[in-house]
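See below for the structure under consideration.
As the structure is a computational prediction, the values presented were derived from the model and not from experiment.
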Amino acid sequence: MNKREIANLLENYFPDNKLILLSNRQPYVHKATPRGFVCEMQAGGVAIALDPVMKMVGGTWIAWGSGNLDRKFVDQKDRVKVPPQDPKYTLRRVWLTEEEVENYYLGFSNRSLWPWAHNLCGEVVFRRKFWNFYKKVNQHFTQVALDEIENKKSVIWVNDYQLALVPQQLREKSKGQMIIFFWHIPWPNYDVFCILPNRKEFLEGLLGSDLLGFHTSNFCQNFLTCVEKELEAEVDFESSTVRFKDHITKVEAFPISIDFEYFSSLAGSKETRAMLVKLRNRFKLDNTILGLSVDRLDYTKGIPEKLKALELFFERYPRYQGKFIFVQIAAPSRTKIKAYRELREEVIKLVNQINQKYEKKNWQPLVFINRLVDHKTLSVYYRLADLAIISSVRDGMNLVAKEFIASQIDQKGILCLSEFAGAYEEMEHSIPLNPYYTEGFADAINRAIELPLERKKERIKKMRNYIKEYDIYKWTYDIFRSLSQMLIPKPKKDFDEAFIPK
Ligand code: ADQ
């Protein structure tokens with residue numbers, strides 16, 4: 001996608017508008033480490049996807065200052081220009097108290113909404129205190145956004161499930177702004193939706209936006225059905241709009257993507273090629289197949305399910321014993337929540353158990369790298385891998401799938417992808433897998449490995465062409481184009497004409 005086209009669209013339709021983006025997580029964190037202070041990006045789909053957009057468009061990004069040195073690097077208005085080495089936009093940090101983090105972030109966002117949206121009702125915890133803090137922190141973000149608007153015409157782009165009440169709060173306090181909301185995770189069906197207490201208020205919060213985006217048309221349909229059943233609103237499934245209290249919200253699917261050129265050229269860079277040789281030697285890959293997964297260590301990503309499928313794969317297809325290594329890179333995530341700590345223990349236990357089985361054969365099938373790695377290293381692993389496995393039990397999209405494809409410059413890798421990841425709708429040339437069905441999963445791994453090289457190349461080529469066209473810039477363009485169409489006055493229905501007697 002040509003970045004100039006986005007700039008033209010913005011100049012034509014939103015000439016004097018300031019862009020204000022809100023998300024819970026910030027793109028850059030200042031923190032102290034044993035190596036000294038660092039300013040780094042975090043492993044989180046939302047920040048990684050939106051950073052290139054903000055670098056291109058400019059504006060202000062409002063997010064929680066979660067790093068232990070964040071306060072040291074902001075001005076009196078809590079602002080800092082980022083990226084630090086080549087500033088392109090402003091990051092405005094919002095400060096949260098410990099109690100707010102506990103209840104709004106770890107509580108309602110991550111123990112109530114996150115498992116709820118992913119259909120994992122057994123993990124859901126609802127507490128009144130969580131909800132009260134959620135409302136309070138959403139108000140706080142709204143106030144900061146109002147402060148940034150300074151009564152100027154703005155496009156306010158609110159992101160994700162932590163800030164669902166902001167659109168309505170903004171609409172009540174400021175007139176004439178365009179509000180986009182993008183929901184980055186799945187939207188559940190009506191039966192699951194109904195377990196959410198305060199669900200009416202939650203929907204009303206989102207319906208404060210002019211444009212409400214989801215990754216897939218299925219999530220849009222789920223949302224519209226919930227609104228229709230829950231609120232006294234006019235829902236038009238054909239035009240995908242909701243009229244509620246005289247305000248119209250357009251609901252549309254925009255499958256998020258990645259900066260294709262960035263990942264593709266990183267994969268072809270001199271540095272990557274040099275590191276590739278080193279790692280090939282380290283893993284002794286001349287006669288060995290390398291499988292790879294990159295995930296936040298989250299129970300929605302199906303990591304134990306994948307390890308169990310790999311264990312079965314080695315048993316069912318013993319010819320791969322000693323000839324296959326699987327690398328799981330897992331970024332620590334939400335470590336203050338018990339379910340996440342337990343997941344880590346379970347994963348380590350499974351990895352050790354499987355490795356011990358083959359100790360005598362002098363072969364270590366699994367490598368577990370439990371840390372954040374930089375993009376250059378990630379790129380080397382993406383190139384090194386003969387197959388990537390995405391095993392989410394449920395996922396809004398999954399950017400790793402697209403990053404892996406973009407990095408396949410020599411088109412030799414293949415993607416095994418869960419049918420329950422949003423990305424599956426677009427990646428029809430991947431090898432499908434069902435993480436709940438261990439035997440089928442093990443067979444899918446075998447099928448992927450045994451696919452003839454020419455067939456792998458055909459598949460990868462098709463997926464690369466697709467992502468090259470539908471990259472993160474095209475995603476942004478589509479969102480703004482849709483918003484701009486809402487500004488054009490709709491032609492008056494020819495009601496009168498139709499009833500003029502001939
Ligand atoms: P996430 O659940 O965070 O995002 P995902 O889309 O896979 O999931 O994005 C993860 C990002 O973190 C990727 O860019 C990946 O490269 C990076 N990452 C993961 N592990 C890493 C590691 N160890 N080191 C470095 N980087 C790592 C949410 C939704 C997704 C949706 C995105 C965007 O859950 O479904 O795709 O938002 O909308």
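Residues Met54 and Gly59 approach most closely at CE-C, 3.9 Å, considering heavy atoms. When all heavy atoms are compared, the tightest approach of Gln26 to Gly67 is NE2-N, 3.7 Å. Across every non-hydrogen atom of Lys152 and Gln177, the tightest pair is O-NE2, 3.3 Å. Across all their heavy atoms, Asn370 and Ala330 have their closest contact at ND2-O, 3.0 Å. A pairwise comparison of heavy atoms in Leu307 and Ile354 identifies O-CD1, 3.4 Å as the closest pair. Minimum heavy-atom separation, Val294 to Leu378: CG1-CD1, 3.8 Å.
Side-chain contact between Val373 and Ile329 is present, with heavy atoms from C-beta onward closer than 4.5 Å. In this structure the side chain of Arg79 never reaches within 4.5 angstrom of the side chain of Val74, judged on heavy atoms.
When the options Phe214, Phe181, Phe193, Trp183 are evaluated for a ring pair (Phe, Tyr, Trp, His ring centres under 6.0 Å) with Phe223, the one that passes is Phe214.
The main-chain N or O of His184 is found under 3.5 Å from a side-chain atom of His215 such that the two form a donor-acceptor pair. Arg92 places a side-chain N or O within donor-acceptor distance of the main-chain N or O of Lys77, the cut-off being under 3.5 Å. Using modelled atom types, one side-chain atom of Asp70 and one backbone atom of Ser66 make a donor-acceptor pair closer than 3.5 Å. In terms of modelled atom types and a separation under 3.5 Å, the side chain of Ser109 and the main chain of Tyr104 share a donor-acceptor contact. Remark: side-chain polar atoms of Lys129 are not paired, donor with acceptor, to backbone N or O of Gly107 under 3.5 angstrom. Panel note: side chain Ser240, backbone Asp236; no donor-acceptor pair is recorded below 3.5 Å. Between the side chain of Ser209 and the main chain of Leu206, a donor-acceptor pair closer than 3.5 Å is present. In this structure, the side chain of Ser482 does not engage the main chain of Asp478 through any donor-acceptor pair within 3.5 Å. Looking at Asp210, its side chain never comes within 3.5 Å of a backbone N or O of Thr249 through a donor-acceptor pair. In this structure a side-chain-to-backbone donor-acceptor pair under 3.5 Å is missing from Ser418 to Ile390.
Every ring-ring contact (aromatic ring centres under 6.0 Å, His included) that Tyr105 has, sequence neighbours left out, goes to Trp64.
Ring planes of Tyr28 and Tyr89: tilted class, angle from 30 to 60°.
To the nearest 0.5 Å, the span separating OH on Tyr262 from CD1 on Ile258 amounts to 10.5 Å. Between atom CG of residue Leu165 and atom CZ of residue Phe202 there is a gap of 6.5 Å, rounded to the nearest 0.5 Å.
Stacking of Arg334 on the aromatic ring of Trp114 is recorded, both the 6.0 Å distance cut-off and the 45° axial limit being met.
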TODO: Take Phe254 and Trp475 through the ring pair (Phe, Tyr, Trp, His ring centres under 6.0 Å) test and state the conclusion after the steps.
DONE: CA-CA 6 Å; Phe254 303 100; Trp475 179 75; 7.4 Å; no
Task: ring pair (Phe, Tyr, Trp, His ring centres under 6.0 Å) evaluation trace for Trp187 with Trp116 - done: CA-CA 9 Å; Trp187 186 273; Trp116 164 80; 5.4 Å; yes
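Tyr340 and Tyr299 have their aromatic ring centers within a separation under 6.0 angstrom.
Crowding of Glu98 atom CD: a count of heavy atoms from other residues, nucleotides or ligands under 6.0 Å not exceeding 12.
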